[in-house]
Asker: 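The structure that follows is given in the form of C-alpha cells.
Hydrogens, waters and symmetry mates play no part in the numbers below; they use all other heavy atoms, side chains included. Throughout, residue positions are numbered sequentially from 1 according to the sequence presented.
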Amino acid sequence: MMFENKHIVVGISGGIAAFKAAGLVSQLRQKGAEVHCIMTANAAKLVTPITFGELSGNDVTVDMFANISKWDVEHIALAKLADLFVVAPATADIIGKVANGIADDMLSTTIMATKAKVLFVPSMNTNMYENPIVQANMEKLRSFGYEFVEPESGHLACNTSGKGRFPALTTIMDCAEKCIYGRELLKGKKIIVSAGGTQEKIDPVRFISNRSSGRQGYAIAKAAWMEGADVTLVSCTTALPTPYGVKMVYVQDARELEKAMNAEYDSCDAAIMAAAVSDYRPTVQADQKIKKEDFDSLHIDLTQNPDILYGLGQKKRGQFLVGFAAETQDVIEHGKSKLKRKNLDMLVANDVAMPGAGFNGTTNIASLLYKDGHMEQYPKMSKDELGHIIIEKMAELMK
Ligand code: C5P
C-alpha cells in the first residue's frame, strides 16, 4: 500500500471545507497511513473531533492544555513522528500564523516544531485567497520549502464561484505521494509525454482508432511530475482524469499530435512517445456524415501517417528519446531494430497479446531496451509502477 508505515499528521483548520478533510483522512488510512489529526478550535466547531477520531483510529488533539500532564510533549511527539504534515483545509489564518512564526495553539505549534514536509491545502473564498497578504504569506512559505496544493475553481460555499475550492481528493493524495516519495530526480528538466490512441477522422461522426487507453502515458507523466519535472502531456484521449501539475495539450489525429510534439521538442530535455499512433488515416475526410443509402459497399482509401517518433529521432539535439513497441510476436527483436532505426535512447517493449500486458488494463509486462544494447525484463506490474521505473531509469541516464 502506498502509505504503508507512514505517519501522516492531518491539520484541520476552521474553513467550511473542514468536512471534506474527513474523506481525506479516510483515504489516507485506506492507503495504509497511520493518521493523526489536529484540529483548530474553530474547525472543532464545524465538525466534531469524534468524526476524525473514528476515521483516523487515533485520538484527536484540539486543545493544547486539555491534558495538562503531557501537553508539553504531545506537539513535539507528533512533530517528530510525522513523515508528512497535511493542512487541509488551510485557512488564511493558519497560513498567516505559520508564515509569521506564530505558534499559539496545538496545530500552529506542531507545524512550527516539525522537520517533516508540510503540505498546505488552502481553501477559502476567492477574495480571501487572492488577497495580497495571503498571497505574500504563501510566497514566503514556499520560499522556505513549504508545499501547496493549488485550490480548484468552481462553486464556493459562500454561493459565489471562483478559485478557492477544496481540491479533489485524488489531487491531494497525489501531492502527498509526491511529498513523501518524490526525489526531484528530474528537477529543472522539461519532459513531453504523449498518450492514448490517435483518432483518424472518416467523417464528422466516425473515426479509426485503436485500443490504447492512455493509462501508461498518463502514469509516466505523473511519475515525471513526482520527480519535479516540468511536464507537458499531449493526450489523444479525454477519457482519463486530468493529472495535477501537468500542462495538458489535447489532440485527436496523428498530424495534430506531430504538430504538438514538434512545438515542444526543441526546448525539451526528454520526449516519451507512449501514444499509439495510427499508421494510416483516411485519405479523404468527408465533411458530411456518410449515408448508407448512398453506397452499397464502401471503400475507405488510407494514406500512411508520418512516423512522428522517427522524425523526432532525426532532429534530436541532446534530448533523451523514449519510444514504445507494442508487438504480438518477436517483441525483443522488433524492439531492438526499432530502437536503432528511430534513433532512440530507450524503448519500452511489450507483447500486447500477453494477458496483463499492453493496451487496455491497468497492468503491463515490459522490457526496457537501451541504446547501448543492454536490456531489462520486468514482471507484470501496475502501469503506475512501470511509469516510475521508466522515469527512474531515464533520470539516471540523463545525469
Ligand atoms: O513503428 P511502431 O508503430 O511500432 O513504433 C511505435 C513507436 O513509434 C511508439 O513509440 C509510437 O508512439 C511511435 N509512432 C509514431 N508515429 C507513428 C507510429 C508510431 O511516433 N506514425
Asker: Using only heavy-atom distances, determine whether the side chains of E34 and N58 contain a donor-acceptor pair under 3.5 Å.
Answerer: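 Yes, because at least one side-chain N or O of E34 sits under 3.5 Å from a partner of the opposite role on N58.
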Asker: Does R142 qualify as a cation-pi partner of F148, given the criterion of NZ or CZ under 6.0 Å from the six-membered ring centre and within 45 degrees of its axis?
Answerer: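 The answer is yes; both the distance and angle limits are met.
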Asker: Around atom NZ of K259, are there more than 12 heavy atoms of other residues, nucleotides or ligands at under 6.0 Å?
Answerer: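 No, because the 6.0 Å sphere around NZ of K259 holds 12 heavy atoms or fewer from other groups.
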Asker: A quick test of your reading: do over 12 heavy atoms of other residues, nucleotides or ligands sit less than 6.0 Å from CD1 of I133?
Answerer: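 At most 12 heavy atoms, drawn from other residues, nucleotides or ligands, come within 6.0 Å of this atom.
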Asker: Give a yes or no answer on whether the side chain of D345 reaches the backbone of L321 with a donor-acceptor pair at less than 3.5 Å.
Answerer: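 Indeed, once roles are kept as given, a pair shorter than 3.5 Å links the two residues.
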Asker: For the CZ atom on R211, are there more than 12 heavy atoms of other groups (residues, nucleotides or ligands in this structure) within a distance under 6.0 Å?
Answerer: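 Check fails, neighbour count at 12 or below.
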Asker: Supply the atom-to-atom distance K189 NZ to I391 CD1, rounded to the nearest 0.5 angstrom.
Answerer: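 If we round to the nearest 0.5 Å, K189:NZ and I391:CD1 are 12.5 Å apart.
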Asker: Counting only N and O atoms by type, is there a donor-acceptor contact under 3.5 Å from the side chain of N305 to the main-chain atoms of V277?
Answerer: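 Looks like no, no N/O pair under 3.5 Å.
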Asker: Check the surroundings of atom OH in Y250: do more than 12 heavy atoms from other residues, nucleotides or ligands lie under 6.0 Å from it?
Answerer: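 Result for OH/Y250: enclosed.
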Asker: Any salt bridge linking K291 with D294? Criterion: basic side-chain nitrogen under 4.0 Å from a carboxylate oxygen.
Answerer: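 Here K291 does not pair with D294 in a salt bridge, since their nearest N and O are not under 4.0 Å apart.
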Asker: Just wondering, are more than 12 heavy atoms of other shown residues or ligands nearer than 6.0 Å to CG in L298?
Answerer: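 Yes, enclosed.
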Asker: Are K222 and E177 ion-paired here, with the side-chain N under 4.0 Å from a carboxylate O?
Answerer: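 So K222 pairs with E177 through a salt bridge.
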Asker: With a 6.0 Å cut-off (strictly less than), is the heavy-atom count around NZ of K80, excluding the residue itself, greater than 12?
Answerer: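 It does not: K80 NZ has 12 such atoms or fewer within range.
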